[in-house]
Amino acid sequence: MTEGYLFKELRPVQSDDATPAQAELLAQAEATVGFIPNMYRGMANLPGYLDTYLHGYGLFREQGGFSPTEQEIVFLAVSKQNGCNYCIAAHSTLAAKYSGVPKDVLEAIRSDSPIQDSKLAALYAMTVDIHDTRGHPSPATVKAFIEAGYSEKEILAITLAVSVKILSNYNNHYFDTPVDEVFSAYKVE
């Protein structure tokens, strides 16, 4: 692990050095994901931070109303806007291998090119607008989103995803989190 550029004292939490609260959350993450992502080790310094992230992330996945493809597009949109290379690599991996994101859509997102699928383009635009305007999306973006077949309730779901991704994206900035090997094929240089 590299040393974070922001923190001088905090380091990613290793399982052998974890407090009981940290160990419980890291074990929960490992049981869910199959390994402990580097990102979670930084978050574990403040157990409430990691717990909030895991809880919100799970609720977005379970209750947001989006397909796995749409979920990854939302997460990628926020991670791109926040310049989080770790999360771009992680969600690109999930998009390509597990969530069914079409290759051309993933490539468009990663290269800042237009998304040709109009419904997915409206989802991406809505997510970017919510993020960039800090919750004041334009009426035109909202109209296009609704006309694409989405609902107002899904605007709330996107807001939840933006909040969760801010937690992870900022954590990765603070710790300069190295990309896990499992995500390395989609590492951003």
### Task
Start with the C-alpha distance between Arg41 and Ser15, add both sets of side-chain angles, then the distance that settles side-chain contact (heavy atoms from CB on, under 4.5 Å), and finish with yes or no.
CA-CA 9 Å; Arg41 293 188 182 283; Ser15 299; 3.5 Å; yes
### Message
Can you tell me how far apart CG (Asn85) and CD (Glu189) are? Round to the nearest 0.5 Å.
### Response
8.5 Å
### Task
Check whether any side-chain N or O of Thr127 sits under 3.5 Å from a backbone N or O of Val74 as a donor-acceptor pair, and report yes or no.
no
### Task
Identify the two heavy atoms, one from Thr93 and one from Val182, that lie closest to each other, and give their separation to 0.1 Å.
CG2-O, 3.8 Å
### Task
Mark yes when over 12 heavy atoms from residues, nucleotides or ligands other than Lys143 sit less than 6.0 Å from its NZ; otherwise mark no.
no
### Nearest-0.5 Å distance, OH of residue Tyr174 to CZ of residue Phe7
6.5 Å
### Query
Does Leu6 belong to the same Ile/Leu/Val/Met/Phe/Trp/Tyr cluster as Tyr49, with side-chain heavy atoms less than 4.5 Å apart forming each link?
yes
### Task
Identify whether Leu156 and Val78 are in the same connected component of the hydrophobic contact network (ILVMFWY, side-chain heavy atoms under 4.5 Å).
no
### From CG (Leu120) to CD1 (Ile115), nearest 0.5 Å
6.5 Å
### Message
Side chains of Gln116 and Asp104: any donor to acceptor distance under 3.5 Å?
### Response
no
### Task
Give a yes or no on whether the backbone of Gly100 and the side-chain of Thr69 come within a donor-acceptor separation of less than 3.5 Å.
yes
### Message
Rounded to the nearest 0.5 Å, what separates atom CZ in Phe75 from atom CG in Leu94?
### Response
9.5 Å
## Note on the structure
For Ser151, the side-chain hydrogen bond (donor to acceptor under 3.5 Å, both in side chains) test, sequence neighbours excluded, returns Glu154
### Query
Where do Leu59 and Val164 land on the side-chain contact (heavy atoms from CB on, under 4.5 Å) test, with the steps shown first?
CA-CA 10 Å; Leu59 290 174; Val164 167; over 6 Å; no
### Task
Evaluate the criterion side-chain contact (heavy atoms from CB on, under 4.5 Å) for residue pair Ser138 and Thr133; output intermediate values, then yes/no.
CA-CA 8 Å; Ser138 75; Thr133 65; over 6 Å; no
### Residue pairs involving residues 108-148 (criterion ring-ring contact (aromatic ring centres under 6.0 Å, His included); sequence neighbours excluded)
Phe145-Tyr150
### Query
Do Gln81 side-chain atoms and Val128 backbone N/O form a donor-acceptor pair below 3.5 Å?
no
### Summary
Closest non-hydrogen contact found for Ser99 with Pro68 is CB-O, 3.5 Å
### Task
State which residues pass salt bridge (Lys or Arg N to Asp or Glu O under 4.0 Å) with Glu70; sequence neighbours excluded, sorted by chain then number.
none
### Query
Which of these, Asp176, Asn171, Asp180, Thr177, sits in a side chain to side chain donor-acceptor pair (under 3.5 Å) with Tyr86?
Asp180
### Query
For Glu30, does the CD atom have more than 12 heavy-atom neighbours from other residues, nucleotides or ligands under 6.0 Å away?
yes
### Query
If every non-hydrogen atom of Ser113 is compared with every non-hydrogen atom of Ser111, which pair is closest and at what distance?
OG-OG, 2.8 Å
### Query
Counting distance only, does the side-chain N/O of Ser184 pair as donor-acceptor with the main-chain N or O of Glu181 below 3.5 Å?
yes
### Query
Below 4.0 angstrom, N of the basic side chain to O of the carboxylate: do Lys97 and Glu72 qualify?
no
#### Entry: Where Asn38 and Pro178 come nearest, the two heavy atoms and their spacing
ND2-O, 3.0 Å
## Note on the structure
Of all heavy-atom pairs linking Ala44 and Leu26, the shortest is CB-CD2, 4.1 Å
### Query
So, Arg110 side chain and Tyr186 main chain: donor-acceptor pair closer than 3.5 Å or not?
yes
#### Entry: Rounded distance [0.5 Å steps], CD in Glu9 versus CG in Asn45
11.0 Å
## Note on the structure
Heavy-atom nearest pair, Cys87 first then Asn172, reads SG-ND2, 3.5 Å
### Query
Going by an N to O cut-off under 4.0 Å, is there a salt bridge joining Lys80 and Asp112?
yes
### Query
Does Asn82 reach the main-chain N or O of Cys84 with its side chain, forming a donor-acceptor pair under 3.5 Å?
no
### Summary
When rounded to the nearest 0.5 Å, the distance separating CG of Leu106 from NE2 of His91 is 12.0 Å
### Task
Kindly indicate whether the side chain of Tyr40, heavy atoms from C-beta on, has any atom under 4.5 Å from the side chain of Leu54.
yes
### Task
Please confirm whether the backbone N or O of Gln14 pairs with a side-chain atom of Asp17, one donor and one acceptor, at under 3.5 Å?
no
